[in-house]
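Each chain gets a letter, A, B and so on, in the order its sequence line appears, and its residues count up from 1. Only a predicted model underlies this, so the values are computations on that prediction, with no experimental measurement involved.
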There are 2 protein chains.
Amino acid sequence: MKLDSEHLEILAVIVEKGGLTEGADALGKSQPSVSRSMALLEKRIGSALFEPGRRPLRPTELGQRLAKLGGQIRSANQEASLLVRRFQQGHAGRLRVGGTQIFMDGVISTMIADFQSRHDDVQIEQSYGYMDGLAAGLRNGTLDCAILPMPPAQVPAEMTFVPLLPGHNVIACRAGHPLTRRKGITLADIDNYTWIAPPSDSPLFRDLQRAVKAIGRDDFRVSFSGGTLASIMSVLTGSDALTIMPYSVVFLARRSLALDVLPLRIEHPDRQLGLLTMTGQQAPAALKRFSEFLTAEFHRLRNRMDHELQMARRRG
Amino acid sequence: MKLDSEHLEILAVIVEKGGLTEGADALGKSQPSVSRSMALLEKRIGSALFEPGRRPLRPTELGQRLAKLGGQIRSANQEASLLVRRFQQGHAGRLRVGGTQIFMDGVISTMIADFQSRHDDVQIEQSYGYMDGLAAGLRNGTLDCAILPMPPAQVPAEMTFVPLLPGHNVIACRAGHPLTRRKGITLADIDNYTWIAPPSDSPLFRDLQRAVKAIGRDDFRVSFSGGTLASIMSVLTGSDALTIMPYSVVFLARRSLALDVLPLRIEHPDRQLGLLTMTGQQAPAALKRFSEFLTAEFHRLRNRMDHELQMARRRG
DNA sequence: GTTATTATATGACCTGATGTTATGAAGCTG
DNA sequence: CAGCTTCATAACATCAGGTCATATAATAAC
């Protein structure tokens with residue numbers, strides 16, 4: 001025989017509050033309603049839950065013990081309500097975030113760390129990919145959002161793109177690199193150094209090809225390839241090799257690594273680094289939070305980058 | 001917002017079984033019923049519990065977590081059902097047993113120990129009293145049963161008395177007492193020894209008075225009084241004092257103490273030691289068990305006492 | 001791709017639990 | 001014993017939740 005959990009919860013409150021009337025109050029129900037629920041429960045189990053003929057209603061031994069179980073049920077139920085609320089407010093949940101490797105590793109991951117320290121119950125599943133894969137992930141529901149560089153004109157119809165930062169690539173090198181001491185850098189200067197290549201299927205790699213071509217060369221010497229950001233940084237700071245990177249990545253990495261940027265403008269399509277999501281789809285609330293958080297963080301990041309730019313101009 | 005515990009339980013089963021249809025089966029409900037319950041829950045919380053457009057229904061992150069809480073509720077509920085069943089079968093519960101001191105201490109307490117070793121969840125609250133107090137306790141519901149000597153004719157109308165043993169008192173002394181070596185014991189013989197008096201308000205004390213009077217004396221010397229069974233036994237075995245006691249108490253005590261019984265018949269009203277309960281009242285199931293248990297135990301006790309009587313007759 | 005199969009959702013209907021207010025009965029208190 | 005408090009009951013309305021029949025949609029099979 002299955003008991004009604006609701007009945008047990010009511011019982012728990014009555015016993016806790018010390019009386020049917022007070023219990024009804026605490027439950028926000030009318031006294032007769034509660035009374036009848038208990039009568040029904042007693043009828044079901046065929047035993048008394050309360051000592052008969054006692055006016056401040058006192059539980060029997062059985063009533064007492066069932067009330068305890070009712071209390072367990074009650075607290076589980078309350079926790080469930082709480083959980084729902086937190087999910088809806090985005091304080092809990094799962095967020096599947098996809099993005100391009102270098103940018104995720106160099107910029108987003110520290111922001112995710114910040115985000116999680118404020119929303120400790122949001123579980124983030126990160127994955128890597130480029131535009132096509134990420135879009136597919138969004139479409140088939142295995143991703144909640146994607147962070148990637150994108151020409152605003154190419155945003156798929158059913159998706160929304162929130163730009164976060166201009167997609168500005170630079171040529172990076174170790175601090176103190178010989179080229180940083182030159183005033184005017186020439187083709188020949190650059191030609192003396194090898195390149196660290198980003199993954200060969202990445203847009204960054206194509207950017208590198210394009211940039212080199214724009215400088216007037218068809219090929220370039222690759223001294224290191226196939227690594228993720230961590231390896232690239234190690235090679236970069238430990239050698240005179242050059243690489244191409246989003247400026248934001250260099251900017252942030254400079255806080256802990258000795259890096260520098262060559263004063264050379266690189267041509268590439270007008271892209272924005274931003275957040276891509278499915279448009280109509282009802283998004284998890286945590287996504288909204290995450291999106292707002294990223295927007296704010298990138299706003300700050302931009303300010304800091306602009307500020308540094310001012311300083312650099314003043315200096316030279 | 002309060003969620004329906006029933007819904008959470010259903011969710012738990014669905015998630016556990018891996019599908020709505022299987023879950024409905026496991027719950028013994030129809031598939032549409034379960035489907036609608038989930039639809040209702042989703043509507044209430046305003047979020048999806050299952051990934052949309054997945055045929056073997058798969059829970060969302062929120063659904064997964066709520067299901068876990070539903071599982072907790074479910075197991076508490078099941079435990080409640082179990083508890084009720086055990087109560088009804090008398091394997092659990094509380095039994096308030098009252099009785100006369102000497103008899104409770106000397107006979108019933110060991111039986112209670114036996115009973116509890118078989119019904120480990122029955123909690124026994126023992127109290128002492130004599131007829132009037134015990135009857136009052138039964139009437140006002142502070143006692144579930146009483147164990148006491150009673151003349152069958154005096155059983156109150158609203159109560160039921162189950163005789164367990166003839167209320168046969170004897171004069172006890174230490175083993176090896178001088179009187180046990182005599183063939184015919186005379187008044188004068190007894191007069192040489194002092195008495196250990198049972199509590200002065202006990203029927204046993206009145207029995208002692210009556211017995212002494214029947215022998216032809218009006219008074220008797222009391223060397224010890226006011227003790228419970230344990231003290232009485234100590235004094236009895238450590239001195240030549242005599243006392244009056246139910247034979248059953250002496251019989252059982254002899255297993256571990258050096259006691260003997262004087263071959264003197266004591267006159268007293270025709271009483272039965274037995275179990276007194278309220279008649280109509282719906283008794284706790286544990287009481288029925290206890291009553292049956294006592295009946296069986298006393299049956300065995302009687303057989304053993306009879307057997308010893310046979311042996312004693314044969315010997316002398 | 002089309003069909004078959006299986007899984008889930010929906011409609012129509014009925015029962016029963018639960019909410020309400022008004023009121024009666026019974027224990028507790030002074 | 002009077003009066004207060006506490007609980008139970010009656011009468012009624014509403015809605016959750018049970019059923020079966022059936023539609024729809026995802027997956028599997030061909």
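Put simply, A:H7 has a side-chain N or O that comes within less than 4.0 Å of OP1 or OP2 on C:dT18. OP1 or OP2 of C:dA9 has at least one side-chain nitrogen or oxygen of B:S35 nearer than 4.0 Å. Distances shown here put a side-chain N or O of A:S30 below 4.0 Å from the OP1 or OP2 atom of C:dT20.
From B:L148, atom CG reaches atom CZ of B:F103 across 9.5 Å, with rounding to the nearest 0.5 Å.
Between B:E42 atom CD and C:dA9 atom C1' there is a gap of 11 Å when expressed in whole angstrom units. In this structure, A:I14 places its CD1 atom 8 Å from P of D:dC7, rounding to the nearest Å. A:E6 places its CD atom 12 Å from the C1' atom of C:dG19, with the value rounded to the nearest Å. Counting to the nearest Å, the C1' atom of D:dG18 and the NZ atom of A:K2 are 15 Å from each other. The interatomic distance linking A:K29 (NZ) with D:dC15 (C1') rounds to 13 Å, in whole Å. At whole-Å resolution of the value, CD in A:E51 and P in C:dG27 are 14 Å apart. Rounded to a whole Å, the CG atom of B:L40 is 12 Å from the P atom of D:dC15. Rounded to an integer number of Å, the gap from A:K43 NZ to D:dA8 C1' is 15 Å.
Enclosure of atom NZ in A:K288 is not indicated, since only 12 or fewer non-hydrogen atoms of other residues, nucleotides or ligands lie within 6.0 angstrom.
Test A:R74, A:E9, A:E6 against B:S5 for side chain to side chain donor-acceptor pair (under 3.5 Å) and you get one pass: A:E9. Each of B:R85, B:R86, B:E79 was scored for a side-chain contact (heavy atoms from CB on, under 4.5 Å) with B:L83, with one residue passing: B:R86.
Among all heavy-atom pairs drawn from B:N77 and A:D4, the shortest one is ND2-C, 4.2 Å.
Between the side chains of B:Q101 and B:S202, not a single donor N or O lies within less than 3.5 Å of an accepting N or O.
Within residues 18-28 of chain B, no residue has any heavy atom closer than 4.0 Å to DNA chain D.
Side-chain atoms of A:T295 come within 3.5 Å of backbone N or O of A:S291 as a donor-acceptor pair.
Nearest-nucleotide positions on DNA chain C place B:Q31 closer to the 5' end than the other of B:R36 and B:Q31.
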